[in-house]
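Heads up, the thing below is written out as structure tokens.
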Amino acid sequence: MNRRHFLQHLTAGAVALCCARPLMAEKGTARAPNIVLIMADDLGYKELGCYGQEKIKTPNIDRLAAEGMKFIQYYAGSAVCAPSRCNLMTGMHGGHAYIRDNFGMKKPAPNRFGGQLPIPETIPTIAKTLKEQGYATGCFGKWGLGPQGSTGDPLKQGFDHFYGYNCQSNAHNLYPEYLENDNGIHELEGNDGGLTGKHYAPQLIADRALGFVRQNKDHPFFLYYPTVIPHLALQVPEADLTEYKGLFPETPYNGKSYLPHDTPKACYAAMISFMDRQVGRLMALLKELNLDDNTVVLFTSDNGTTHLKEQVDADFFDSVGPLRGLKGELYEGGIRVPLVARWPGNIAADTSSEHLAAHYDLPATLADIAGASFDNATDGISMLPSLLGQTDKQKAHDFLFWDFAGYGGQTAVRMGDWKGIRQNLRKNPDAPLELYNLKQDIGEQHNVADEFPEIAAKIEAIICRERTVPEVEKFRFGKYGNTTE
């Protein structure tokens with residue numbers, strides 16, 4: 001590095017430090033804030049008490065909202081697991097992201113799952129950015145962005161530690177035969193892949209996440225906790241199931257696509273309440289370690305509630321409220337998700353925000369919190385001004401964008417109050433645009449594309465401009481793998 005480049009580097013570092021200092025000064029410490037990002041799996045927009053849920057108890061997450069900020073118009077990056085997680089990690093929307101669907105890789109051995117298509121090693125991620133800032137980084141839960149040893153391995157994407165399900169297919173059983181532990185395998189003796197077993201994986205994962213906090217209490221840490229709940233299969237310890245057993249009318253599920261369960265409604269509610277208790281344990285630990293005031297905690301979901309009604313009755317639980325659609329669809333119910341943020345002394349308590357944002361805004365936001373900046377190629381915009389109540393300083397998106405290869409192929413645009421969506425693109429690449437005014441029609445029931453051709457044309461132009469075709473397209477139906485839930 002020559003003298004000129006050295007001075008440029010030094011100046012950039014000083015600017016970043018100055019940007020970070022006001023937040024740190026308000027905390028009365030020079031230590032950067034810890035960051036905890038909790039992501040539920042297939043949790044619907046209205047499946048938390050703080051968003052209007054009436055049948056399922058979530059007191060700990062509700063407390064997060066009461067002590068922080070709730071986002072009303074926040075979106076997942078996609079309508080299923082892997083692409084949504086890719087958007088969240090890389091800061092790229094669906095039109096630019098490498099992963100557009102749940103691509104499953106071949107199994108390396110009969111008793112092992114293959115994992116999902118790996119993101120390239122060169123792609124920037126929020127974990128890499130925070131690690132470069134001196135953060136200890138840990139991922140505990142479901143990864144889905146590349147098998148162990150691949151370029152997408154979480155240990156190659158900025159995480160110091162990983163424990164949980166690397167492969168989404170393995171996560172279809174919450175009493176699995178094994179979990180991944182960094183570069184190794186944790187064999188779970190007493191689990192045979194059935195409905196129950198000795199080790200409930202969500203409990204093991206939560207315990208490891210709390211252990212990571214204890215281990216790194218003396219320096220800044222980034223805890224990414226993508227819990228596998230409430231994704232199917234329906235499984236929960238009997239002690240947790242008892243809380244809801246007998247409360248709801250039940251039709252036993254016979255196990256056509258996932259493991260069977262006699263009381264699916266009670267089990268689903270119990271799974272969400274189990275997850276909520278782990279959030280409560282985490283918050284209690286932060287207080288115990290005197291880290292509470294200097295820790296930013298965010299809670300969200302990867303996409304909407306599952307569409308498999310025999311197992312999860314979204315109508316009964318009013319899982320998405322007035323929204324149309326469920327998991328796998330780019331209608332609002334498939335992609336609008338909760339986002340709760342808490343940071344004492346910085347985020348005002350019991351507040352809400354109508355700011356339009358999506359998962360691909362989180363890398364820029366978390367980097368901003370840490371006093372850094374995320375990659376210049378990101379499609380995201382930092383939400384930190386909104387979190388701090390500085391709405392006059394908040395930059396806004398011209399539009400939000402989704403390109404989802406699954407469930408027939410779909411793309412969508414949110415532009416102000418307008419929402420455009422195109423479906424069945426595999427069979428018909430020129431499928432007509434559906435247009436909805438969400439301010440007047442939150443349920444997306446009235447297609448007004450013919451009434452507002454100029455708005456429709458603007459959205460069509462955005463789709464044409466933003467939707468690229470990545471090299472990954474060859475994996476969709478090729479010999480390399482197949483799509484998985």
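Count residues from 1 along the sequence. Since we're looking at a predicted model, the values are computed, not measured.
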Donor-acceptor pair, side chain of [X] and main chain of [Y], under 3.5 angstrom:
{"X": "E47", "Y": "G44", "answer": "yes"}
{"X": "R426", "Y": "Q410", "answer": "no"}
{"X": "N173", "Y": "Y175", "answer": "yes"}
{"X": "T378", "Y": "G91", "answer": "yes"}
{"X": "Y244", "Y": "T263", "answer": "no"}
{"X": "T125", "Y": "T90", "answer": "no"}
{"X": "T137", "Y": "G158", "answer": "yes"}

Would you say the side chains of [X] and [Y] form a donor-acceptor pair under 3.5 Å?
{"X": "D361", "Y": "T365", "value": "no"}
{"X": "D368", "Y": "S382", "value": "yes"}
{"X": "Q311", "Y": "S257", "value": "yes"}
{"X": "Y360", "Y": "H96", "value": "no"}

Please tell me if the side chains of [X] and [Y] come closer than 4.5 Å, counting only heavy atoms from C-beta onward.
{"X": "P202", "Y": "V228", "answer": "yes"}
{"X": "L179", "Y": "L188", "answer": "yes"}
{"X": "I185", "Y": "E180", "answer": "yes"}
{"X": "K217", "Y": "L291", "answer": "yes"}
{"X": "D41", "Y": "C81", "answer": "yes"}
{"X": "N183", "Y": "D153", "answer": "yes"}
{"X": "S319", "Y": "K46", "answer": "no"}
{"X": "M383", "Y": "L339", "answer": "yes"}

Testing [options] one by one against [X] for a side chain to side chain contact (heavy atoms under 4.5 Å, CB included), which residue passes?
{"X": "I126", "options": "Q157, M89, K131", "value": "M89"}
{"X": "L223", "options": "V213, I38, N216", "value": "V213"}
{"X": "W343", "options": "I369, I35, V297", "value": "I369"}

Over-ring placement of [X] relative to [Y], 6.0 Å and 45° cut-offs:
{"X": "R112", "Y": "Y178", "value": "yes"}
{"X": "R208", "Y": "F140", "value": "no"}
{"X": "K70", "Y": "Y51", "value": "yes"}

Strictly below 4.0 Å, N to O, side chains only: are [X] and [Y] in salt-bridge contact?
{"X": "E238", "Y": "K245", "answer": "yes"}
{"X": "K156", "Y": "E121", "answer": "no"}
{"X": "E177", "Y": "K198", "answer": "no"}
{"X": "K55", "Y": "D318", "answer": "no"}

Would you confirm whether the ring centroid of [Y] sits within less than 6.0 angstrom of the ring centroid of [X]?
{"X": "Y74", "Y": "H359", "value": "yes"}
{"X": "Y258", "Y": "H172", "value": "yes"}
{"X": "Y200", "Y": "F274", "value": "yes"}
{"X": "H261", "Y": "Y253", "value": "no"}

Crowding at CD, E54 (>12 non-hydrogen neighbours, <6.0 Å): no
Closest approach of N87 to G94 (non-hydrogen atoms, all atoms of both residues): ND2-N, 3.9 Å
Atom of G95, atom of T468 and distance for their closest heavy-atom approach: O-OG1, 2.5 Å
Aromatic plane relationship, Y224 with W143 - under 30° parallel, 30 to 60° tilted, over 60° perpendicular: perpendicular
Mutual orientation of the aromatic rings belonging to F317 and Y268 [parallel < 30°, tilted 30-60°, perpendicular > 60°]: tilted
Straight-line distance of C139 SG to L155 CG, nearest 0.5 Å: 9.5 Å
All pairs passing salt bridge (Lys or Arg N to Asp or Glu O under 4.0 Å) where residues 269-290 contributes a residue, at least two apart: D207-R281, R214-E288, D240-R277, E243-R277, K287-D292
Criterion side chain to side chain donor-acceptor pair (under 3.5 Å) against K327, the qualifying member of D42, N303, T306: D42
Intermediate values then yes/no, side-chain hydrogen bond (donor to acceptor under 3.5 Å, both in side chains), Y407 and Q423: CA-CA 9 Å; Y407 290 68; Q423 303 186 80; over 6 Å; no
